[in-house]
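Read the structure below first, then the notes.
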Amino acid sequence: MRVLVTGGAGYIGSVSVEALLAAGHDAIVLDDLSTGRRAAVPAGARLRVASYGDEALVGGLLESERVDAILHCGARSLVGESVRDPARYYRDNVAGGINLLEAARRAGVTRLVFSSSAAVYGTPDRSPIPEDSDPHPINPYGETKRAFESALAWYGAAYGLRSVALRYFNAAGASDRYGEDHDPETHLIPTVLLAALGRIELTVFGDDYPTPDGTGVRDYIHVEDLAQAHLLALQATAPDDLRTGAAEGPAISLVCNLGGGEGFSVREVLDAAERVVGRKIDHRTGPRRPGDPAVLVASSERARSVLGWKPGKGTLEEMIGSAWAWRQHHPDGYPA
Ligand code: UFG
């Protein structure tokens, strides 16, 4: 299968491209490198530096390269930035995404897997969260992910697009070669590890949540398990896939959570990281970060039963251990 991967120079995109190549598929990375890193594109994948929102360019690429399916990982993805500058999120995540869908429609590409997010749930009323919980995003980032999911369903019904939207919970860890390198870094695990190296100061955002130790609880899932879910989801979009319908059957617009199903608090992450690095990690406790729910834990039963997904990349300590190994090899992140 030949797959166009938008955002394939980003954290989750690069590990997914690596998994696609390892499984014998062909990958073309489309990334404007605004947040992606050239060095994160695996050897063996071709990189085209451009925006997925450039409909004419993408249409030409899909046709000339005879692309079978699209893995749409590219997006703006910072919750805080989305609150300050919602226009950027609507323009890139929604308008740009629709341009991508239009390019696919014109080129006759009918298979797409989308990187969605637990952010679509907002503050959930149930835990673990099943996919049929009502989505109530509480920031523009989550709203724009939700809007694009809806577009996929309507494109499926009207034009036969076969899609799977994967709602990631907290991606963590690294493969041997590819890891998490954001600027600025806002995610907990890389921030904790950078603090362990004395590069930045760590603040625990709030210890007065209604959780056992008062800090926020999240469902961490190894990025290589996410990458395997992408492979399974891409296969599930094939018209003759037995899991999602017989040949010539109706289009699917499947939505699946991807998480480990177990919650860990910020303090538990910090304790595990201290065991991994073998020393205490300095930190202070500050106020809550606006927009952070107390607990986000997924039910990933659907991904297991429909896609046959079996996450197995390990414990919290193993995830942090792989991130730490990557960070030690790349103390300054990817080269510019
Ligand atoms: N946290 C800290 N200090 C930090 C960073 C994070 O205490 O320096 C805490 C947060 O308050 C939260 C937990 O660590 O309780 C995890 O925070 P992350 O920033 O690592 O991840 P989020 O859960 O906020 O974000 C993730 C995805 C987003 C997605 C969101 C859904 O990274 O893309 O889940 O709410 F939108």
Side-chain angles (χ1 to χ4, degrees), residues 7 10-13 35 73-83 86 89 93 114-124 127-129 133 135-149 165-173 179-182 184-196 199-223 226 257-260 262-273 281-298 316 319-320 323:
Y11 168 44
I12 297 169
T35 55
C73 297
R76 301 280 156 222
S77 62
L78 296 175
V79 170
E81 181 189 59
S82 81
V83 176
Y89 282 70
N93 294 1
F114 172 53
S115 296
S116 190
S117 168
V120 302
Y121 293 113
T123 306
S127 187
I129 313 168
S133 284
H136 294 297
I138 53 171
N139 51 59
Y141 170 64
E143 285 282 5
T144 58
K145 287 284 173 183
R146 173 69 189 144
F148 192 73
E149 281 187 0
L166 298 172
R167 292 177 176 164
Y168 308 150
F169 280 63
N170 289 63
E180 190 166 9
D181 179 25
H182 298 112
E185 190 52 77
T186 62
H187 293 109
L188 179 63
I189 291 174
T191 301
V192 165
L193 298 180
L194 286 166
R199 301 267 175 136
I200 54 175
E201 290 184 356
L202 170 65
T203 302
V204 173
F205 295 141
D207 63 357
D208 56 352
Y209 284 104
T211 59
D213 66 18
T215 65
V217 169
R218 294 291 183 275
D219 182 343
Y220 296 89
I221 179 75
H222 198 293
V223 65
L226 292 183
N257 288 337
L258 296 180
E262 196 180 350
F264 295 99
S265 72
V266 174
R267 287 226 182 282
E268 287 173 316
V269 169
L270 196 46
D271 289 347
I281 300 173
D282 279 347
H283 62 276
R284 58 179 280 272
T285 301
R288 295 182 182 189
R289 186 170 62 179
D292 275 356
V295 178
L296 273 180
V297 178
L316 180 64
M319 286 189 254
I320 297 173

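Residues: numbered from 1 along the sequence shown. We count ligands from 1, going down the list as the structure has it; atoms in each ligand are counted the same way.
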**OP:** Please state which part of Ala119 comes within less than 4.0 Å of ligand 1, counting heavy atoms only: side chain, backbone, both or neither.
**Re:** both
Original post:
In the protein, which heavy atom is nearest to atom 7 (O) of ligand 1, and how far is it?
Top reply: Phe205 N, 2.9 Å
Original post:
How far is atom 9 (C) of ligand 1 from its nearest protein heavy atom, and which residue and atom is that?
Top reply: Val266 CG2, 3.6 Å
Original post:
Are Phe264 and ligand 1 in contact, using a heavy-atom cut-off of under 4.0 Å?
Top reply: no
Original post:
Counting distance only, does the side-chain N/O of Lys145 pair as donor-acceptor with the main-chain N or O of Ser115 below 3.5 Å?
Top reply: yes
Original post:
What protein heavy atom is closest to atom 29 (C) of ligand 1, reported as residue, atom name and distance in Å?
Top reply: Ser117 OG, 3.5 Å
Subject >> Close-contact set for ligand 1 against Gly216 heavy atoms, below 4.0 Å >> reply: 15 (O)
Subject >> Approximate separation, where rounding is to 0.5 Å, of Leu193 CG and Leu188 CG >> reply: 9.0 Å
Subject >> Under-4.0 Å heavy-atom contact with ligand 1, by part of Leu188 that carries it >> reply: both
Subject >> Closest approach of any protein heavy atom to atom 23 (O) of ligand 1, naming residue and atom >> reply: Arg218 NE, 2.7 Å
Original post:
Among protein heavy atoms, which lies nearest atom 11 (O) of ligand 1, and at what distance?
Top reply: Asp292 OD2, 2.6 Å
Original post:
Looking only at heavy atoms, is any part of His187 under 4.0 Å from ligand 1, and if so is it the side chain, the backbone, or both, or is it neither?
Top reply: both
Subject >> Flag, side chain of Asp219 to backbone of Ala298, donor-acceptor distance under 3.5 Å >> reply: yes
Subject >> Reference residue Pro128; test side-chain contact (heavy atoms from CB on, under 4.5 Å); the match among Val297, Asn257, Val295 >> reply: Val297
**OP:** Give the residue, atom name and distance (to 0.1 Å) of the protein heavy atom nearest atom 28 (C) of ligand 1.
**Re:** Tyr141 CE2, 4.2 Å
Original post:
Hey, does Thr191 come in under 3.5 Å of ligand 1, counting only N/O atoms on both sides?
Top reply: no
Original post:
Under 3.5 Å between some N or O of ligand 1 and some N or O of Leu202?
Top reply: no
Original post:
What is the nearest protein non-hydrogen atom to atom 5 (C) of ligand 1, stated with its residue, atom name and distance?
Top reply: Thr186 O, 3.3 Å
Subject >> Point-to-point distance, once rounded to the nearest 0.5 Å, from CZ of Phe264 to CG of Asp271 >> reply: 12.0 Å
**OP:** Taking Glu185 for its side chain and His187 for its backbone only, find out whether a donor-acceptor pair lies under 3.5 Å.
**Re:** yes
**OP:** State whether the side chain of Tyr121 and the backbone N or O of Gly142 hold a donor-acceptor pair below 3.5 Å, judged by distance alone.
**Re:** no
Subject >> Between Tyr141 and Glu81, a side-chain donor and acceptor under 3.5 Å >> reply: no
Original post:
Rounded to the nearest 0.5 Å, how far apart are CD1 of Ile189 and CG of Leu194?
Top reply: 12.0 Å
Subject >> Residue portion contacting ligand 1 (non-hydrogen atoms closer than 4.0 Å) for Thr203 >> reply: backbone
Original post:
Numbering the atoms of ligand 1 from 1, which are under 4.0 Å from a heavy atom of Arg289?
Top reply: 10 (C), 17 (O), 18 (P), 19 (O), 24 (O)
Subject >> Side-chain donor-acceptor pair present, Arg167, Ser116, cut-off under 3.5 Å >> reply: no
**OP:** Below 4.0 angstrom from a heavy atom of Val204, which ligand 1 atoms are there? Numbered from 1 as shown, please.
**Re:** 7 (O)
Original post:
Under 3.5 Å, side chain of Asn93 to main-chain N/O of Arg76, donor-acceptor pair present?
Top reply: yes
Subject >> Between Thr285 and Asp207, a side-chain donor and acceptor under 3.5 Å >> reply: no
Original post:
Under a 4.0 Å heavy-atom limit, does Leu296 contact ligand 1 with its side chain, its backbone, both, or neither?
Top reply: side chain
Original post:
Under 4.0 Å from any heavy atom of Val79, which atoms of ligand 1 are there?
Top reply: 36 (F)
Subject >> Carboxylate-amine/guanidinium contact Arg146 Glu143, below 4.0 Å >> reply: no
Original post:
Just distances here: any N/O of Asn170 and N/O of ligand 1 closer than 3.5 Å?
Top reply: yes
Original post:
Taking only heavy atoms of Tyr220, which atoms of ligand 1 are found under 4.0 Å from at least one of them?
Top reply: 13 (C), 16 (C)
